[in-house]
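Below, read A as the first sequence line, B as the second, and so on, with proteins coming before strands; counting in each chain starts at 1. Here the structure is a predicted model, which is why all the values come from computation and not from measurement.
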Amino acid sequence: MNFSKSLIQWFLHNKRDLPWRKNTYPYPVWLSEIMLQQTRVAQGMPYFLRFIEAFPTVQDLADAPEEKVLKLWQGLGYYSRARNLHATAKEIAYTLNGNFPPDYKGLLKLKGVGEYTAAAIASISYGEAVPVVDGNVYRVLARIYGVDTDIASPGAKKQFTALAASLLPPRQAADFNQAMMEFGALQCVPKKPDCKACIFNTDCVAFTTGRVQQLPVKLKKQKVTNRFFNYLVVKDVLGNTLMYRRDGKGIWHGLFDFPLVETPVQTDDAQTIALIKSTLDFAPQTIKRITDEPVIHKLSHQKLHIHFWEVTTGQTLPNGIDLQQAMLLPVPIVLHIFMEKHWKA
DNA sequence: CAGACGTGGTT
DNA sequence: TAACCAAGTCT
């Protein structure tokens, strides 16, 4: 069978009409590829449209304050993508004279651009013959060629990249790469693919040997740690509240949140209140738990048990900010939901 | 290099 | 419903 030829033919008949496919300029391609990392098309699409509208060119993105970029990114997750996106826009606008690096090797040097994204931009925008290897490619190749290498193992990427490279028609890199991903997204889906309707079902090793559900092999299981958060929703005499920018290495770097009291285990109200009091650098008037049950917020690797506490004070807090002002800050989605529910007039 | 890093949809 | 997973990258 001529896998590549059939695949590209399938793609040309089945490709979706997506907003980042209107042209092949590096800017929209790069933007969409960053947004779609570990993210579904349906989830990323509205963000792409808003970004293109707010920042029609790399220059516009470079000139924006980081806070505005993060605010527009709010809710999409993996916020380092947004920070790296902004840093790279500046790099391109101010150091590279507004031009993206002209090849895979150069693109790979950009912040937030790894092997996958560099190959995607290089092939789609420049026609460079470099294979993309993403979750779709692992799945499609593992099934059709019956590759049972654990895709989470160290050597898997190299092996699948080599296989993809051997299949890639040098002059049709853009179509081939997008075809692999589109085929994985639409036909060769993770759960219960409709193999009866698949053009490769007579050749697919997984299908012909009854191993579609077993491939690709992924052994590593992700462990989730529980954390117990108490967010202090402060209200001073002016009705102002307190919010701080998170930095360091942990979750939500660059976003803002309320003063946080974290405990290593679940604590009762008396304990928690005592702890809250000891952390405050102002005199509280009242401390009241707002949430009856903890809000459960699940991240890919953490399960957050969050209580919100209203803390009032008779003082005027020097760094207090207006609630409407606070709502303009980029925040984790769980805080956004809280503010929408409790602060919306 | 194994683990950290979000959110939402699906099973 | 807990687990999986979705166009990965960084450290």
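When heavy atoms are screened at a 4.0 angstrom cut-off, A:E115 is found touching the sugar-phosphate backbone but no base atom. No engagement by A:W73 is indicated, since no non-hydrogen atom pair under 4.0 Å with the nucleic acid exists.
Electrostatic pairing of A:R16 and A:E182 counts as a salt bridge here, judged by a charged N lying under 4.0 Å from a carboxylate O. Using a 4.0 Å cut-off between charged side-chain N and carboxylate O, A:R245 and A:E66 make a salt bridge.
Within residues 32-46 of chain A, the residues that have a heavy atom under 4.0 Å from DNA chain B are, in order of number, A:Q38, A:T39, A:R40, A:Q43. A heavy atom closer than 4.0 Å to some atom of DNA chain B occurs in A:K249, A:G250, A:I251, A:W252, these being the qualifying members of residues 247-264 of chain A. For DNA chain B, none of the residues of residues 137-151 of chain A falls under the heavy-atom distance limit of 4.0 Å. Annotation: proximity of residues 290-307 of chain A to DNA chain B (heavy atom, distance under 4.0 Å) is found for A:H297, A:K298, A:L299, A:S300, A:H301, A:Q302, numbered in ascending order. Listed by residue number, there are no residues of residues 117-129 of chain A with a heavy-atom contact under 4.0 Å to DNA chain B.
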Show every donor-acceptor pair shorter than 3.5 Å between a side-chain atom in residues 231-238 of chain A and any protein atom, with sequence neighbours excluded, or say none if there are none.
residue, atom, partner, partner atom, Å
A:Y231, OH, A:D257, OD2, 2.8
A:D236, OD1, A:L238, N, 2.8
A:D236, OD1, A:G239, N, 3.0
A:D236, OD1, A:N240, N, 2.8
A:D236, OD2, A:L317, N, 3.0

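Separation of the P atoms belonging to C:dT9 and B:dG8 is 22 Å when rounded to the nearest angstrom. Rounded to the nearest Å, the gap between the P atom of C:dA2 and that of B:dC5 is 22 Å.
Residues A:I121 and A:E128 fail the side-chain proximity criterion, which asks for heavy atoms closer than 4.5 Å.
A:L76 has its CG atom 11 Å from the P atom of B:dG6, to the nearest Å.
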